[in-house]
Amino acid sequence: MLITLVWLAGRYEASQVQSRLERDAADAGSDIRTALSRNVQSLQALQAGDPGLLAWEVNATELLRLRRELVRIEWRDNNLRLRAHAQTPYRPLSWDAASREDAHTDAALACTNARRLGAPAYSGSYFQPHGDGMGSEMMELCLPLNSAGRPSGFLVATYSLQEMLVDLVGHNLTRSQEASFTEADGTRLAVLGAARRGTRMFTAQQLLDLPGTTLVLRMDRWHGAPNLFPNVLTALVTAMSIALVTVMVVLVRDNRRRLRAERDLADALAFRKAMEDSLVTGLRARDLQGHITYVNPAFCAMVGFSPQELLGQSTSAPYWPPEYADEYRQRQATRFAGGMPPREGFESVFMRKDGTRFPVLIIEAPLINAQGLHTGWMSAFLDISEQRRIEELSRASQERLQATARLATVGEMASLLSHELNQPLAAISSYATGSLNLLDSSAPGNLEDVRMAMQHIARQAERAGRVIKSVHDFVRRRDQTREAVPPQELLDAILPLISLQARKLGVRVHTTVEPHLPRTLCDRTMVEQVLLNLARNAMQAMDDPAIHPRILDIRVRRGASNAYSGWLEFSVTDGGVGIAPEVAQQLFTPFFTTRTEGMGLGLSLCRTVVEQHGGFLAYEPHAPRGTVFTFTLPVCQPTPT
Ligand code: ADP
């Protein structure tokens, strides 16, 4: 359409040029006609008042001076013989006087015509040589003269076609126009105007129908071709077309870029979806009202509900165990009231669709959108049941290991134990023998002695029983339970076992417990074993002939600094050989020992136990000799009522 528009605009412009040319040609035609008829009148005026020949010649010359297109005026009689003539002053024309004397052929033809018509008549054009090798196209006009109603001769005027163009048309001609008289076949008789300019020619023809002859006035106009921008309209349309094409190109490019961006976006989305789907962490998003807005497949698999069953739920999610629902609702309310969740997450219990409960680790974070607005909460869930199972397993095996270690300790102490039991048993045996002797002698008053012996036997048996019970208590495996224990009780429980070895090695055992100490929250059996281990290690470190005196010092006091005010500090000090640097490096490594009969489990177990209670186990050298092992246990905080 645009191309058609451009073409039409070009055509319109050409037609404008053409019609202007036609108009110019018509104007020029009418100018010529007017001039010719005016000349006829002027010529007729020459005869007015029957002038004499001389006066006529003067007037004719004057007329020729005024009308340049006329080159000669002749007055001829009825037989066309020349009576008088006048010649244009502008151009020296060498007329063949002889030929002009008689009736000139073309003039004769015109005069015959004129006489017949009784009106002025024109001859056809003819070429008149000028005698200087040049010539020009001429045309004769013949006016029949009458006097008193009778023909009295002719007035013959000669027109130069070239001069006609110059004088009658020339003033209206533009620089790019060319005017010419042509014959019917297109032969040019006279030409006026510019040489060819421009690329395209427009032509208009005007027929000058004169009595006796017909002239064709032709006007040519060279036009600077329908240029690319011939006028404003075309320029506008072209500019618009260019703009349109540019816009189209830009649009196509933009579209392509858009498509590429869409494809990239789709890829990124697919990648993200794949990531979300293959994630083992459950993800859930909630809006600020608590409605679930998103759950990933891992979360659905974890709880066993489909996304449709979960999305949109708010006040009570189907995976909340009924027994915890109130607590969870409370937690949710705190969250929506602006309470920030702990960064490291918190543990909770969820319920699968089949009703089974499982522990989860929840990490929550506020959901901030692209504009930086807080739009909800995002939570990640980890099913920690497997982790829990493994923890349980390791705890069980740890316990078994500790039980084994306890048995091993007892095994090591078996000889000490037999020695310890030997004393009461020997005492019982001697008391029993004494009693029997007393009974045999049956002396009066013996009964009192027998009773006393029996009482001794009972006391010794009780002592033996206590020894056995302390071993039994120690070895017996109990469930791991925390209870509030006065520190003194912990020492009392192990002292009988310590003193077995202490007596053998000649070690003096000092115990100092700060007065009014609070109770400690601990697993009694485990802590007793820790104390026993440390005490035994201390005594073994002093089992060197060079060391004297051998003192084992066990102290309990409150945590020294403010930071440890909620802790009790147990220290076991010996004056033994100390710990060599190469031993220190592996001190807590399981199965590391320097003793042939040692198992190397003692210190590693001690540290595990203390750390399980939240405390720490450390050691430092003791001046002048020996080592201090220190560990902490938490104070039992009185529960607020
Ligand atoms: P075990 O008593 O079975 O050898 P432990 O883990 O209790 O295993 O101790 C590891 C090692 O640490 C001991 O073999 C000993 O060399 C060293 N050790 C422990 N306590 C002391 C101490 N109080 N003084 C010097 N050395 C010690």
Side-chain angles (χ1 to χ4, degrees), residues 25-26 28-40 42-43 63-64 67-74 76 80 82 85-88 90-97 99-117 119-144 154-170 173 177-193 203-220:
S30 79
D31 279 357
I32 292 173
R33 265 187 229 105
T34 316
L36 288 182
S37 59
R38 190 190 56 205
N39 283 352
V40 168
S42 301
L43 287 168
L63 184 65
L64 284 170
R67 306 267 189 261
R68 291 185 179 217
E69 66 270 24
L70 286 173
V71 291
R72 185 183 169 94
I73 306 175
E74 292 167 348
R76 290 176 187 259
L80 289 176
L82 189 65
H85 79 275
Q87 185 107 353
T88 182
Y90 300 111
R91 209 169 292 103
L93 282 172
S94 71
W95 296 95
D96 182 355
S99 73
R100 279 322 285 194
E101 208 56 40
D102 300 325
H104 185 260
T105 340
D106 293 285
L109 223 78
C111 288
T112 318
N113 245 344
R115 180 62 69 202
R116 190 161 45 81
L117 293 170
Y122 292 85
S123 73
S125 71
Y126 62 91
F127 184 76
Q128 173 67 46
H130 291 173
D132 55 356
M134 310 274 275
S136 61
E137 204 68 26
M138 301 289 178
M139 182 178 75
E140 302 289 341
L141 161 67
C142 187
L143 264 82
F154 297 97
L155 206 62
V156 177
T158 310
Y159 276 103
S160 160
L161 291 186
Q162 183 66 38
E163 290 304 316
M164 276 171 80
L165 286 177
V166 173
D167 277 18
L168 309 178
V169 180
L173 221 55
Q177 280 176 337
E178 184 187 83
S180 58
F181 284 120
T182 63
E183 282 180 356
D185 63 357
T187 316
R188 289 186 186 219
L189 302 173
V191 183
L192 172 69
T203 301
Q205 288 192 339
Q206 191 70 28
L207 224 57
L208 290 175
D209 211 357
L210 303 171
T213 188
T214 302
L215 278 178
V216 178
L217 175 67
R218 171 177 160 158
M219 266 204 170
D220 290 328

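Note that OG1 of Thr158 is 13.0 Å distant from CD of Glu163, once rounded to the nearest 0.5 Å. For the atom pair CG (Leu63) and CG (Asn39), the distance works out to 7.0 Å, reported to the nearest 0.5 Å. If you take CG on Asp167 and CG on Leu192, they are separated by 10.0 Å, rounding to the nearest 0.5 Å. Between atom CE of residue Met164 and atom CE of residue Met139 there is a gap of 4.5 Å, rounded to the nearest 0.5 Å. The CE atom of Met138 sits 6.0 Å away from atom CD of Gln128, with the distance rounded to the nearest 0.5 Å. Atom CZ of Arg188 and atom CG of Asp220 lie 5.0 Å apart (nearest 0.5 Å).
At least one side-chain heavy atom of Phe181 sits less than 4.5 Å from a side-chain heavy atom of Leu217. Contact annotation: the side chain of Glu74 never approaches that of Phe154 to less than 4.5 Å [non-hydrogen atoms, C-beta and beyond]. Considering only heavy atoms from C-beta on, Thr203 stays 4.5 Å or farther from Met219 through its side chain.
Pairing each heavy atom of Cys142 with each of Ala114, the nearest pair is O-CB, 3.5 Å. Smallest separation of non-hydrogen atoms from Val169 and Ala28: CG1-CB, 3.9 Å. Between Leu189 and Thr182 the shortest heavy-atom distance is CD1-C, 4.1 Å. Taking each heavy atom of Leu70 and Ala157 in turn, the nearest pair found is CD2-CB, 3.8 Å. Contact between Leu80 and Cys111 at its shortest, heavy atoms only, is CD2-SG, 3.5 Å. The nearest pair of heavy atoms linking Gly124 to Asp106 is O-OD1, 4.2 Å.
With Leu208 as the fixed residue, the side chain to side chain contact (heavy atoms under 4.5 Å, CB included) test singles out one of Val216, Thr213, Leu215, Leu36: Leu215.
Side-chain atoms of Tyr122 and Asn113 form no donor-acceptor pair, as typed in the model, at a separation below 3.5 Å. A donor-acceptor contact closer than 3.5 angstrom is absent between the side chains of Gln162 and Ser136.
Contact check on Glu140 versus Arg72 returns no salt bridge, with no Lys/Arg side-chain nitrogen under 4.0 Å from an Asp/Glu carboxylate oxygen. Salt-bridge check for Asp209 with Arg33: failed, with every basic side-chain N at 4.0 Å or more from each acidic carboxylate O.
Side-chain atoms of Ser42 come within 3.5 Å of backbone atoms of Arg38 as a donor-acceptor pair (strictly under, hydrogens ignored). Between the side chain of Thr34 and the backbone N or O of Ser30, at least one donor-acceptor pair lies under 3.5 Å.
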>> If you apply the rule side chain to side chain contact (heavy atoms under 4.5 Å, CB included), what do you find for Leu207 with Thr214, and how did you get there?
In response: CA-CA 7 Å; Leu207 224 57; Thr214 302; 4.0 Å; yes

> For Val156 and Leu141, what are the C-alpha separation, side-chain angles and deciding distance, and is it a side chain to side chain contact (heavy atoms under 4.5 Å, CB included)?
Replying inline: CA-CA 6 Å; Val156 177; Leu141 161 67; over 6 Å; no

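A cation-pi arrangement is present between Arg68 and Tyr90, with the terminal nitrogen or guanidinium carbon under 6.0 Å from the aromatic centre and inside a 45° cone about the axis.
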